[in-house]
Amino acid sequence: MDAVARFPFRLYRQMDADPRHWQVAALGGLFTLSWMTSDFGVTLPTLCLSFTGAMIAQLLGTTISNARDGNPFLYRFEWKSALITALGITLLLRAADPWIWFAAGFVGIALKFLVRIDGKHIFNPGCIGIVIMMLLLGNKAWVSPGQWGQAPLVAGYAMALAALTLSSAKRLDIALGFLLSFAAILFVRAAWLGDPMVIPMHQMSSGALLIFAFFMITDPRSTPDSRLGRILFALMVAGLAAWFTIGPNVRGAPLMALAALAWTTPVLDRFLPAHRFQWSQPRSAASPKQLNYSLMPLQGTKETHP
(Lines give C-alpha, C1' and ligand atoms only; values in the text may rest on other atoms or scores of the structure.)
Protein backbone atom coordinates (compact mmCIF):
# COMPACT_ATOMS: atom_id res chain seq x y z
CA MET A 1 0.00 0.00 0.00
CA ASP A 2 1.52 3.31 -1.08
CA ALA A 3 1.80 6.45 1.05
CA VAL A 4 -1.31 8.08 -0.44
CA ALA A 5 -3.47 5.06 0.34
CA ARG A 6 -2.10 4.83 3.88
CA PHE A 7 -2.66 8.53 4.62
CA PRO A 8 -6.31 8.22 5.82
CA PHE A 9 -5.40 5.44 8.24
CA ARG A 10 -2.37 7.34 9.53
CA LEU A 11 -4.48 10.47 9.98
CA TYR A 12 -7.13 8.52 11.86
CA ARG A 13 -4.55 7.02 14.22
CA GLN A 14 -3.10 10.45 14.90
CA MET A 15 -6.54 11.91 15.59
CA ASP A 16 -7.58 9.01 17.79
CA ALA A 17 -4.40 9.18 19.85
CA ASP A 18 -6.18 11.84 21.93
CA PRO A 19 -10.01 12.16 21.99
CA ARG A 20 -9.62 15.92 22.31
CA HIS A 21 -8.48 16.05 18.69
CA TRP A 22 -12.00 15.09 17.64
CA GLN A 23 -13.49 17.68 20.01
CA VAL A 24 -11.29 20.43 18.64
CA ALA A 25 -12.15 19.45 15.06
CA ALA A 26 -15.90 19.34 15.73
CA LEU A 27 -16.04 22.51 17.84
CA GLY A 28 -13.87 24.29 15.29
CA GLY A 29 -16.32 23.22 12.61
CA LEU A 30 -19.28 24.43 14.68
CA PHE A 31 -17.51 27.74 15.29
CA THR A 32 -16.98 28.16 11.54
CA LEU A 33 -20.58 27.16 10.87
CA SER A 34 -21.92 29.69 13.36
CA TRP A 35 -19.53 32.39 12.21
CA MET A 36 -20.55 31.99 8.56
CA THR A 37 -24.29 31.33 8.84
CA SER A 38 -25.54 33.43 11.76
CA ASP A 39 -25.13 36.75 13.52
CA PHE A 40 -25.11 35.59 17.14
CA GLY A 41 -21.90 37.25 18.29
CA VAL A 42 -19.54 34.40 17.40
CA THR A 43 -16.41 36.24 16.32
CA LEU A 44 -12.67 35.69 16.20
CA PRO A 45 -12.01 38.42 18.81
CA THR A 46 -14.32 36.73 21.34
CA LEU A 47 -12.59 33.39 20.69
CA CYS A 48 -9.19 35.03 21.21
CA LEU A 49 -10.36 36.59 24.48
CA SER A 50 -11.77 33.37 25.92
CA PHE A 51 -8.75 31.37 24.71
CA THR A 52 -6.33 33.86 26.28
CA GLY A 53 -8.13 33.68 29.62
CA ALA A 54 -8.24 29.89 29.52
CA MET A 55 -4.56 29.61 28.54
CA ILE A 56 -3.39 31.94 31.30
CA ALA A 57 -5.31 29.90 33.90
CA GLN A 58 -4.01 26.64 32.40
CA LEU A 59 -0.43 27.92 32.51
CA LEU A 60 -0.74 29.10 36.11
CA GLY A 61 -2.43 25.91 37.27
CA THR A 62 0.04 23.65 35.48
CA THR A 63 3.05 25.60 36.78
CA ILE A 64 1.85 25.54 40.38
CA SER A 65 0.95 21.83 40.21
CA ASN A 66 4.31 20.92 38.70
CA ALA A 67 6.20 22.97 41.27
CA ARG A 68 4.30 21.21 44.04
CA ASP A 69 4.98 17.74 42.62
CA GLY A 70 8.56 18.35 41.55
CA ASN A 71 7.89 17.90 37.83
CA PRO A 72 9.33 19.95 34.94
CA PHE A 73 7.90 23.44 34.46
CA LEU A 74 5.50 22.70 31.58
CA TYR A 75 5.04 18.97 32.13
CA ARG A 76 1.60 17.99 30.81
CA PHE A 77 0.62 21.51 29.82
CA GLU A 78 -2.83 20.83 28.35
CA TRP A 79 -3.36 23.60 25.81
CA LYS A 80 -5.96 21.46 24.04
CA SER A 81 -8.21 21.54 27.11
CA ALA A 82 -7.92 25.33 27.16
CA LEU A 83 -8.81 25.52 23.46
CA ILE A 84 -11.85 23.24 23.88
CA THR A 85 -13.04 25.34 26.82
CA ALA A 86 -12.57 28.55 24.83
CA LEU A 87 -14.46 27.20 21.82
CA GLY A 88 -17.39 26.07 23.97
CA ILE A 89 -17.56 29.41 25.76
CA THR A 90 -17.36 31.36 22.51
CA LEU A 91 -20.15 29.33 20.92
CA LEU A 92 -22.53 29.63 23.88
CA LEU A 93 -21.80 32.80 25.83
CA ARG A 94 -23.09 36.21 24.80
CA ALA A 95 -21.93 39.22 26.78
CA ALA A 96 -22.25 42.98 26.98
CA ASP A 97 -18.50 43.58 27.45
CA PRO A 98 -15.48 41.88 25.83
CA TRP A 99 -13.71 41.17 29.12
CA ILE A 100 -16.50 38.75 30.12
CA TRP A 101 -15.32 36.16 27.57
CA PHE A 102 -11.80 36.44 28.99
CA ALA A 103 -13.10 36.08 32.54
CA ALA A 104 -15.26 33.07 31.66
CA GLY A 105 -12.29 31.23 30.14
CA PHE A 106 -10.03 32.08 33.06
CA VAL A 107 -12.55 31.15 35.78
CA GLY A 108 -13.57 27.90 34.08
CA ILE A 109 -10.02 26.58 33.80
CA ALA A 110 -8.98 27.93 37.21
CA LEU A 111 -11.79 26.01 38.91
CA LYS A 112 -10.58 22.85 37.18
CA PHE A 113 -7.43 23.10 39.29
CA LEU A 114 -9.01 24.49 42.46
CA VAL A 115 -12.11 22.29 42.89
CA ARG A 116 -11.07 18.64 42.83
CA ILE A 117 -12.16 15.53 44.67
CA ASP A 118 -9.92 12.48 44.76
CA GLY A 119 -7.72 13.99 42.05
CA LYS A 120 -10.64 14.64 39.67
CA HIS A 121 -12.21 17.99 38.86
CA ILE A 122 -15.99 17.98 39.14
CA PHE A 123 -16.97 20.99 36.99
CA ASN A 124 -16.84 21.12 33.23
CA PRO A 125 -14.65 24.22 32.70
CA GLY A 126 -16.71 25.75 29.89
CA CYS A 127 -19.99 25.16 31.70
CA ILE A 128 -18.93 26.55 35.07
CA GLY A 129 -17.22 29.56 33.47
CA ILE A 130 -20.44 30.52 31.69
CA VAL A 131 -22.67 29.80 34.70
CA ILE A 132 -20.57 31.95 37.05
CA MET A 133 -20.62 34.87 34.61
CA MET A 134 -24.41 34.58 34.33
CA LEU A 135 -24.89 34.38 38.10
CA LEU A 136 -22.53 37.25 38.89
CA LEU A 137 -23.30 39.64 36.04
CA GLY A 138 -27.05 39.18 35.50
CA ASN A 139 -28.21 40.56 32.17
CA LYS A 140 -24.67 41.34 31.05
CA ALA A 141 -24.00 37.65 30.32
CA TRP A 142 -26.41 35.16 28.80
CA VAL A 143 -26.65 32.02 26.67
CA SER A 144 -28.07 32.24 23.18
CA PRO A 145 -30.49 29.28 22.92
CA GLY A 146 -31.20 29.50 19.21
CA GLN A 147 -28.29 29.29 16.78
CA TRP A 148 -28.27 28.60 13.07
CA GLY A 149 -31.14 27.60 10.82
CA GLN A 150 -32.60 24.14 10.36
CA ALA A 151 -30.11 22.87 7.77
CA PRO A 152 -26.99 24.12 9.64
CA LEU A 153 -28.40 22.66 12.86
CA VAL A 154 -28.77 19.23 11.24
CA ALA A 155 -25.22 19.54 9.91
CA GLY A 156 -24.04 20.49 13.39
CA TYR A 157 -25.68 17.43 14.96
CA ALA A 158 -24.13 15.19 12.29
CA MET A 159 -20.71 16.73 12.94
CA ALA A 160 -21.00 16.37 16.72
CA LEU A 161 -22.32 12.80 16.50
CA ALA A 162 -19.50 11.78 14.16
CA ALA A 163 -16.87 13.31 16.44
CA LEU A 164 -18.24 11.63 19.55
CA THR A 165 -18.68 8.27 17.80
CA LEU A 166 -15.14 8.28 16.41
CA SER A 167 -13.59 9.47 19.65
CA SER A 168 -12.04 6.88 21.93
CA ALA A 169 -13.55 8.73 24.92
CA LYS A 170 -16.72 6.64 24.35
CA ARG A 171 -19.24 9.01 25.96
CA LEU A 172 -22.09 8.59 23.46
CA ASP A 173 -24.14 6.96 26.22
CA ILE A 174 -24.36 10.09 28.35
CA ALA A 175 -25.10 12.36 25.36
CA LEU A 176 -27.95 10.20 24.11
CA GLY A 177 -29.17 9.55 27.66
CA PHE A 178 -29.48 13.26 28.30
CA LEU A 179 -31.07 14.13 24.94
CA LEU A 180 -33.62 11.30 25.02
CA SER A 181 -34.57 11.95 28.64
CA PHE A 182 -34.85 15.71 28.15
CA ALA A 183 -36.93 15.25 24.99
CA ALA A 184 -39.18 12.65 26.65
CA ILE A 185 -39.99 14.99 29.55
CA LEU A 186 -40.80 17.91 27.26
CA PHE A 187 -42.96 15.87 24.86
CA VAL A 188 -44.83 13.99 27.61
CA ARG A 189 -45.59 17.27 29.37
CA ALA A 190 -46.85 18.82 26.13
CA ALA A 191 -49.08 15.80 25.46
CA TRP A 192 -50.38 15.84 29.07
CA LEU A 193 -51.31 19.51 28.87
CA GLY A 194 -52.63 19.30 25.31
CA ASP A 195 -50.02 21.72 24.02
CA PRO A 196 -49.02 21.59 20.36
CA MET A 197 -45.98 19.44 19.67
CA VAL A 198 -44.30 22.40 18.01
CA ILE A 199 -43.45 23.73 21.49
CA PRO A 200 -41.15 20.86 22.59
CA MET A 201 -39.83 20.57 19.04
CA HIS A 202 -38.79 24.21 19.21
CA GLN A 203 -37.21 23.67 22.64
CA MET A 204 -35.15 20.79 21.25
CA SER A 205 -34.10 22.68 18.10
CA SER A 206 -31.29 24.59 19.70
CA GLY A 207 -27.66 24.96 18.80
CA ALA A 208 -26.89 25.55 22.46
CA LEU A 209 -28.48 22.22 23.38
CA LEU A 210 -26.37 20.48 20.72
CA ILE A 211 -23.11 21.92 22.09
CA PHE A 212 -24.10 21.14 25.67
CA ALA A 213 -25.14 17.54 24.97
CA PHE A 214 -22.11 16.58 22.88
CA PHE A 215 -19.29 18.65 24.32
CA MET A 216 -20.08 19.51 27.95
CA ILE A 217 -22.05 16.75 29.65
CA THR A 218 -19.84 14.25 27.78
CA ASP A 219 -16.62 15.56 29.36
CA PRO A 220 -14.93 12.32 30.54
CA ARG A 221 -12.92 14.11 33.22
CA SER A 222 -15.90 15.63 35.07
CA THR A 223 -18.60 12.97 34.67
CA PRO A 224 -19.01 9.52 36.30
CA ASP A 225 -16.55 6.81 35.31
CA SER A 226 -19.02 3.92 35.06
CA ARG A 227 -21.63 3.59 32.32
CA LEU A 228 -24.46 3.12 34.82
CA GLY A 229 -23.23 6.17 36.70
CA ARG A 230 -23.20 8.23 33.50
CA ILE A 231 -26.73 7.19 32.59
CA LEU A 232 -28.01 8.05 36.06
CA PHE A 233 -26.17 11.36 35.88
CA ALA A 234 -27.70 12.10 32.46
CA LEU A 235 -31.20 11.37 33.80
CA MET A 236 -30.71 13.70 36.77
CA VAL A 237 -29.33 16.53 34.66
CA ALA A 238 -32.11 16.11 32.10
CA GLY A 239 -34.78 16.16 34.82
CA LEU A 240 -33.40 19.28 36.48
CA ALA A 241 -32.83 21.01 33.14
CA ALA A 242 -36.43 20.26 32.10
CA TRP A 243 -37.73 21.64 35.40
CA PHE A 244 -35.60 24.77 34.99
CA THR A 245 -37.05 25.13 31.48
CA ILE A 246 -40.74 24.61 32.19
CA GLY A 247 -40.83 25.86 35.78
CA PRO A 248 -38.89 28.99 36.71
CA ASN A 249 -37.73 29.41 33.08
CA VAL A 250 -34.07 29.67 34.02
CA ARG A 251 -31.72 31.00 31.34
CA GLY A 252 -29.26 28.40 30.12
CA ALA A 253 -31.20 25.65 31.91
CA PRO A 254 -28.99 22.66 30.89
CA LEU A 255 -25.79 24.44 31.93
CA MET A 256 -27.32 25.48 35.24
CA ALA A 257 -28.45 21.91 35.85
CA LEU A 258 -25.04 20.45 35.05
CA ALA A 259 -23.29 22.91 37.37
CA ALA A 260 -25.83 22.30 40.17
CA LEU A 261 -25.47 18.51 39.98
CA ALA A 262 -21.69 18.34 39.50
CA TRP A 263 -21.30 17.24 43.14
CA THR A 264 -23.10 13.96 42.33
CA THR A 265 -20.21 12.78 40.12
CA PRO A 266 -17.85 11.87 43.01
CA VAL A 267 -20.80 10.28 44.82
CA LEU A 268 -21.63 8.08 41.83
CA ASP A 269 -17.94 7.25 41.35
CA ARG A 270 -17.77 6.11 44.95
CA PHE A 271 -20.79 3.81 44.79
CA LEU A 272 -20.33 2.73 41.16
CA PRO A 273 -16.52 2.57 40.76
CA ALA A 274 -14.94 2.00 37.37
CA HIS A 275 -11.70 2.66 35.51
CA ARG A 276 -10.92 6.37 35.57
CA PHE A 277 -10.53 7.97 32.19
CA GLN A 278 -7.23 9.64 31.32
CA TRP A 279 -6.30 11.54 28.20
CA SER A 280 -3.76 9.40 26.35
CA GLN A 281 -0.21 10.70 26.42
CA PRO A 282 2.79 9.89 24.27
CA ARG A 283 5.27 7.82 26.24
CA SER A 284 8.00 10.32 25.48
CA ALA A 285 6.08 12.91 27.53
CA ALA A 286 6.42 10.88 30.71
CA SER A 287 7.99 12.55 33.70
CA PRO A 288 11.35 11.17 34.84
CA LYS A 289 9.65 10.31 38.10
CA GLN A 290 6.88 8.43 36.34
CA LEU A 291 8.58 6.30 33.70
CA ASN A 292 6.88 3.19 35.08
CA TYR A 293 3.50 4.85 35.41
CA SER A 294 0.84 3.44 33.12
CA LEU A 295 -0.82 6.06 30.95
CA MET A 296 -3.95 4.02 30.43
CA PRO A 297 -7.00 4.26 32.73
CA LEU A 298 -6.41 2.33 35.94
CA GLN A 299 -8.73 1.39 38.76
CA GLY A 300 -8.43 3.85 41.63
CA THR A 301 -5.81 6.05 39.93
CA LYS A 302 -5.31 9.46 41.51
CA GLU A 303 -3.89 12.31 39.50
CA THR A 304 -2.37 15.61 40.39
CA HIS A 305 -2.77 17.10 36.92
CA PRO A 306 -5.81 17.41 34.62
Side-chain angles (χ1 to χ4, degrees), residues 20 23-24 26-58 79-112 114-115 121 123-148 152-153 156 159-160 178 203 205-219 222 237 241 244-245 249-262:
R20 286 170 296 188
Q23 290 180 300
V24 169
L27 284 169
L30 292 172
F31 174 86
T32 303
L33 184 67
S34 185
W35 186 33
M36 296 178 62
T37 63
S38 68
D39 186 22
F40 281 93
V42 176
T43 65
L44 286 174
T46 57
L47 176 59
C48 291
L49 285 167
S50 59
F51 182 60
T52 301
M55 282 291 285
I56 290 174
Q58 186 73 41
W79 64 269
K80 285 175 279 191
S81 295
L83 177 57
I84 290 167
T85 297
L87 283 166
I89 288 173
T90 305
L91 285 165
L92 292 178
L93 181 64
R94 302 295 171 263
D97 298 304
W99 66 266
I100 298 175
W101 279 281
F102 176 91
F106 182 88
V107 169
I109 294 294
L111 288 177
K112 181 179 73 170
L114 294 173
V115 183
H121 61 272
F123 292 114
N124 173 269
C127 174
I128 196 63
I130 293 172
V131 166
I132 288 180
M133 293 301 107
M134 292 173 64
L135 291 176
L136 292 179
L137 303 177
N139 292 331
K140 289 188 176 181
W142 66 95
V143 171
S144 176
Q147 297 187 48
W148 318 315
L153 185 62
M159 192 184 307
F178 169 79
Q203 292 170 322
S205 301
S206 165
L209 187 65
L210 179 161
I211 296 164
F212 172 83
F214 285 93
F215 300 104
M216 285 192 172
I217 197 174
T218 56
D219 177 13
S222 59
V237 174
F244 280 158
T245 301
N249 193 24
V250 174
R251 297 178 304 152
L255 283 84
M256 292 291 187
L258 180 59
L261 292 172

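Excluded from the calculations below are hydrogen atoms, water molecules and symmetry mates; all remaining heavy atoms, backbone and side chain alike, are included.
- Looking at every heavy atom in both residues, Ile128 comes nearest to Gly108 through CG2-CA, 3.9 Å.
- At a threshold of 4.5 Å between non-hydrogen side-chain atoms, the residues Phe31 and Thr43 do not count as touching.
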- Message: What verdict does the side-chain contact (heavy atoms from CB on, under 4.5 Å) test give for Leu258 and Val131, after you've listed the backbone C-alpha separation in whole Å, the side-chain angles of each residue and the deciding distance to 0.1 Å?
- Response: CA-CA 10 Å; Leu258 180 59; Val131 166; over 6 Å; no
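- Ala257 is linked by a side-chain contact (heavy atoms from CB on, under 4.5 Å) to Val237, Leu240, Ala241, Phe244, counting only residues two or more places apart in sequence or in another chain.
- In this structure, Thr218 and Ala213 approach most closely via the heavy-atom pair CG2-O, 3.1 Å.
- Considering only residues two or more places apart in sequence or on other chains, Phe178 meets the ring pair (Phe, Tyr, Trp, His ring centres under 6.0 Å) condition with Phe182, Phe212.
- Taken to the nearest 0.5 Å, the OG1 atom of Thr46 stands 10.5 Å off from the CH2 atom of Trp35.
- Of all heavy-atom pairs between Ala141 and Leu93, the closest is CB-CD1, 4.1 Å.
- Under a cut-off of 6.0 angstrom, the local environment of CH2 in Trp79 is sparse, with at most 12 non-hydrogen atoms contributed by other residues, nucleotides or ligands.
- With Asn124 contributing its side chain and Gly126 its backbone, the two residues share a donor-acceptor pair below 3.5 Å.
- Taking the side chain as every heavy atom from C-beta outward, Leu30 and Phe215 approach each other to under 4.5 Å.
- Residues satisfying the side-chain contact (heavy atoms from CB on, under 4.5 Å) criterion with Val107, sequence neighbours excluded, are Leu111, Ile132, Met133.
- Qualifying side-chain hydrogen bond (donor to acceptor under 3.5 Å, both in side chains) partners for Ser50, counting only residues two or more places apart in sequence or in other chains: Thr90.
- Annotation for Ile109 and Pro125: closest pair CD1-CB, 4.0 Å, computed over non-hydrogen atoms.
- Residue Arg94 is tested with Ile100, Val42, Val143 for a side-chain contact (heavy atoms from CB on, under 4.5 Å); the sole match is Val42.
- Scanning all heavy atoms of the two residues, the minimum distance from Trp142 to Ala96 falls at CZ3-N, 4.0 Å.
- Residues Ile130 and Met216 are in side-chain contact: their nearest non-hydrogen atoms beyond the backbone lie under 4.5 Å apart.
- A 4.5 Å side-chain heavy-atom check between Leu91 and Ser34 finds at least one atom pair inside the cut-off.
- Looking at heavy atoms from C-beta onward, Met134 lies out of side-chain contact with Lys140 at the 4.5 angstrom threshold.
- Annotation: side-chain contact (heavy atoms from CB on, under 4.5 Å) contacts of Thr52 (sequence neighbours excluded): Ile56, Phe102.
- Leu83 CG to Arg20 CZ: the interatomic distance, rounded to the nearest 0.5 Å, is 10.5 Å.
- Rounding to the nearest 0.5 angstrom, the gap separating the CD1 atom in Ile211 from the SG atom in Cys127 is 12.5 Å.
- The distance from the OG1 atom of Thr85 to the CZ atom of Phe51 is 10.0 Å, given to the nearest 0.5 Å.
- The minimum heavy-atom distance between Arg251 and Gly138, with the atom names listed, is NH2-O, 3.2 Å.
- Annotation: the span from Leu27 atom CG to Leu47 atom CG amounts to 10.5 Å, rounded to 0.5 Å.
- In this structure Leu114 satisfies the side-chain contact (heavy atoms from CB on, under 4.5 Å) test with no other residue, sequence neighbours excluded.
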- Task: Might you work through the side-chain hydrogen bond (donor to acceptor under 3.5 Å, both in side chains) test for Gln23 and Lys80, ending with a clear yes or no?
- Result: CA-CA 9 Å; Gln23 290 180 300; Lys80 285 175 279 191; over 6 Å; no
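- One distance of note links CG of Leu209 with OG1 of Thr245; it measures 9.0 Å at 0.5 Å rounding.
- The shortest side-chain heavy-atom distance between Met256 and Leu135 falls under the 4.5 Å cut-off.
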